[in-house]
Amino acid sequence: MDPIIYLDHAATTPVDPAVRKAMDPWFAQDFGNPTTLYAHGVRADEAVEGARQTIAHAIGAQRPQEVYFTAGGTESINWALKGIALERVRGHILTSAIEHSAVRETCLWLAERGFELTILPVAHDGVVDPAEVRRALRSDTILVTLMHANNEIGTIEPIEEVGSVLTDSEAAFHVDAVQTVAHLPIDVQQLRCDLLSASGHKLYGPKGTGFLYARSGIRLGPLLHGGGQERELRSGTHNVPGIIGLAKALEVSTRLLETETQQLTALSRRLIDGILERIPGATLNGSTERRLPSNVHFTFENTQGEALVLGLDLAGICVSTGSACSTVSLEPSHVLKAIGLSDEQALASVRFTLGRSTTEEQIDAVLEVLPEEVNRLRAMSPRAL
Amino acid sequence: MDPIIYLDHAATTPVDPAVRKAMDPWFAQDFGNPTTLYAHGVRADEAVEGARQTIAHAIGAQRPQEVYFTAGGTESINWALKGIALERVRGHILTSAIEHSAVRETCLWLAERGFELTILPVAHDGVVDPAEVRRALRSDTILVTLMHANNEIGTIEPIEEVGSVLTDSEAAFHVDAVQTVAHLPIDVQQLRCDLLSASGHKLYGPKGTGFLYARSGIRLGPLLHGGGQERELRSGTHNVPGIIGLAKALEVSTRLLETETQQLTALSRRLIDGILERIPGATLNGSTERRLPSNVHFTFENTQGEALVLGLDLAGICVSTGSACSTVSLEPSHVLKAIGLSDEQALASVRFTLGRSTTEEQIDAVLEVLPEEVNRLRAMSPRAL
Amino acid sequence: MYSDIVKNHFANPRNVKEIPGATAVAEADNPVCGDIMKIFVNVVDGVFCDVGVKTRGCPAAVAAGSVLSEMLIDLPVAEAVRIETRVVDRALGGLPRNKQHATDLAVDALRAVIHQFQSERLP
Amino acid sequence: MYSDIVKNHFANPRNVKEIPGATAVAEADNPVCGDIMKIFVNVVDGVFCDVGVKTRGCPAAVAAGSVLSEMLIDLPVAEAVRIETRVVDRALGGLPRNKQHATDLAVDALRAVIHQFQSERLP
Ligand SMILES: Cc1ncc(COP(=O)(O)O)c(C=O)c1O
Ligand SMILES: Cc1ncc(COP(=O)(O)O)c(C=O)c1O
């Protein structure tokens, strides 16, 4: 491995060694299909059900059967939103202006197909106001979908409070917890959500894995039709190694959660303070209190984000710009615009997301290189700071 | 590993050692997200594009961009069928009576949502008649979906001929090739199909992987909305190790295809002849000429399929009954009913699917155990043979 | 999937036999999955003194017939009347959820053979 | 994603400077992605004898400005008129598909500065 400094954990994480080890026997040894009748398959089935229990336990689900395995956060989200909406044919959907594109694009698709969509604004720090949710709620609202924490600016949303607002509503409440499962304590009872989406590769588990929590009794149609796996709701041969890996990753992360939170809080504090101290024209985006411990997001005036990313990359530092999930688009991030940044500011922003392997030395190295790179770009710019 | 005799390769296959090896570095070392800008992610992106080329080449696609990565056969199929249909709002869909439930259930779901559905019958050997397709075709037919080979009885369908029938039609032609990619020579130009679905774990690749071939220019909507990966058509972070593994598996299988076909043909011939010789009241289902080299499917009169499966399992032999993709349902297989078996016959049937590791010794062992087990069950039955 | 008890009964089913000239014989079947079970009983002084069971069906059905036959031997008919599906299920160490039809089949066959026995005794 | 030529020009951009009292100065910008490029030229006898480029933009834009500045030096203005985006693109070893706006920006800035130079010479 290159001696790189990887500060893009919100984009993806390496698979934890314990996870790899747990997955190992299920590729070529106990490779059976869990829906078969013979012992070889039954073993896989039992392992899958064990994994389901681990996950149910980790998120406070009442029963393991409320956890459904998927191929990732995007699938979980598409399933939750379309599975609720298409089952109800018509109705009103409520979401926020800073959702991940998996939620955003799915909502827009549903809006094209006749559902009514309200997109709530957020405050400058990226926080959704539960009172706004209450005001926007209608008698025909079938679905409210909000993220638990934002993937760009790290703002943690008041999900519990929104959950309380919704207690008397018929609307299903979906939470995109892709950035928080294994990173914040999660209890679906406390969050008062009906559906919750997560993705394995954001929590040191394998790519191509995820789960959807769906409270028993909720009326949800399938997204993938077929062989009837996952209690007729999510067809397709189980990705056994992936499922085992996902559960193991959540298990490991849950165990490390407290220590890691402390470490990340200290390290991100160090990075934030260091930047503010050394770089003029740098503004921290997002909230100071309601923030993921791993997230540092700055606008560096009179620079360009992608240029900073490449500049740092040439120095062996991996960070990201924009939504980090798509480099396809040139347009400034809808999240940054929603919190009030100008296009110019949005395009001059960079996200650093710390993780399990991040060290003080790495942060200090970034604090050496980053000011130089910002200065270099500013010196090239036709504008003054 | 137990010294089991695994004869359920149509349900799933072990991951090939070369595939494991190819996947290895992408879990924890080169774990970057391919849509990121820094070198660490670019490396993953290049590997993914390399995999796309390998697959495009293996199936005769004109351009790598016609290959889209998915999380399995079921997702590819759901995407193809819904992506065609929902994009066109209304229309007529044509399929056969022996499709896998991924196709069948998706078609039925579309039928509930206003699409018109024609389900073509098949002959006793499971073959769809291209002339029937021609007759059933309408001016508003938007989609024809057929399987390349049947997963239960192994019948190979006349896809090329159906493709010719459709040349002047506006209908999109989807082929479920989950049982044939890497097992029969595949050339999408020769098959004349517009869409083709495949699943990794049926070809010694990883579970939770698959691809959809979609001819350039075809009007196909996304099934998974979000970050815009896969040219805006299939969102979700790429499963990099899975994609690398899938391509490697196809590469290995393509190389072995000819030898393997010869071996499997000889071994399945041996099994068929041995059964017919030793077991009275045994009937081979499916076609004798148009048959997957790996497939052996029998009805053993006055027995019960699941009992045979467990009986053989207790002797260390893994085989399957029914659709093998779902043990949930008690009902006799729709495929066996479609080829004219009674419920009783359908429920007295067993599938043996041979694979890369199958040996003559294993077949001979089955030919020892199977007649005994059939006799044992028959001796327990209140009916005479 | 199946308990060891089920597997054991399936691999070595007890009392698989026809009883020529049995006191009563009856059969039950499951129209959905096609399983059939035939029970032969000899009754002496109101007690099942010999029982034979023949089953064509899934492993759970075979095991249910087998375990039922064991329960019946030396049991008074008057008590056998009270055997319900959950009794058979418990004796098997629990069946998977989608296999309850197997105990239904066994209890149906039992009821049928008791009915047969009782109607024979009627004038 | 980026060719080594692009990375090299981005890491060590050529002729990054302002030229006080330049013969002509002009700026272009890309309204979509916000990139801006300013070109300073000194022209002697119809030939670019000195060129300065300042860019705020993505790596492709920086590299495009840099490679353009190298092309321009010692080039007659009459020939520079013929520089098109694909010339700049080729000089960079090819840009990714979604980065063509960078060469557009460079050529826009070039056209602007040539226009500026020519209009100054008009009576
Ligand atoms: C908040 C959020 N939701 C959804 C997703 C989509 O997850 P995945 O790419 O694993 O499908 C991501 C990550 O990209 C995310 O950060
Ligand atoms: C013909 C056919 N189509 C589709 C599928 C579904 O594939 P998967 O289970 O990998 O999603 C299968 C296998 O189960 C199959 O045999």
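Chain A is the first sequence line, chain B the second, and so forth, proteins listed ahead of strands; every chain is numbered from 1. Predicted, not measured: the structure shown is a model, and the values here were computed from it.
Between F27(B) and D16(A), every side-chain heavy-atom pair lies at or beyond the 4.5 Å cut-off. Counting heavy atoms from C-beta on, the side chains of T321(B) and L37(A) come closer than 4.5 Å. For the pair F31(B) and K207(A), the minimum side-chain heavy-atom distance is below 4.5 Å.
For the pairing with T12(B), the side-chain contact (heavy atoms from CB on, under 4.5 Å) check across V240(A), T36(A), N33(A) returns one residue only, N33(A).
For chain A, the option among T209(B), L108(B), L86(B) with the highest count of heavy-atom pairs below 4.5 Å is L86(B). With respect to chain B, the highest number of heavy-atom pairs below 4.5 Å among T74(A), N78(A), I77(A) belongs to N78(A). Among the candidates A39(B), G72(B), G245(B), the residue making the largest number of heavy-atom pairs closer than 4.5 Å to chain A is A39(B).
Close approach to chain A, defined as a heavy atom under 4.5 Å from one of its heavy atoms, is seen in V309(B), D313(B) of residues 309-317 of chain B, taken by number. Residue-level contacts of residues 18-25 of chain A with chain B, in order of numbering, are R20(A), M23(A), D24(A); threshold 4.5 Å between heavy atoms.
T13(B) touches chain A through its backbone: at least one of N, CA, C or O sits under 4.5 Å from a heavy atom, while the side chain does not. With a 4.5 Å cut-off on non-hydrogen atoms, V103(A) does not touch chain B at all.
Within the model, atoms NE2 of H100(B) and OG of S235(A) stand 8.5 Å from one another, a figure rounded to the nearest 0.5 Å. Separating the NE2 atom in H40(B) from the CD1 atom in I4(A) is a distance of 4.0 Å, to the nearest 0.5 Å. Put simply, NE2 on H238(A) and NE2 on H201(B) are 11.0 Å apart, with the number rounded to the nearest 0.5 Å.
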Take H225(A) and R104(B) through the test side-chain contact (heavy atoms from CB on, under 4.5 Å) and record every step on the way to the result. CA-CA 9 Å; H225(A) 293 83; R104(B) 189 178 174 80; over 6 Å; no
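Considering all non-hydrogen atoms of both residues, C318(A) and Y38(B) come closest at SG-CD1, 3.6 Å. Nearest approach of A28(A) to P14(B), heavy atoms of both residues: O-CB, 3.8 Å.
For K82(A) (side chain) and L223(B) (main-chain N/O), a donor-acceptor pair under 3.5 Å exists by modelled atom type.
In this structure, Y204(A) has no ring-ring contact (aromatic ring centres under 6.0 Å, His included) partners at least two apart in sequence or on a different chain.
The salt bridge (Lys or Arg N to Asp or Glu O under 4.0 Å) contacts involving residues 106-115 of chain A comprise nothing, where partners must be two or more places apart or lie in separate chains.
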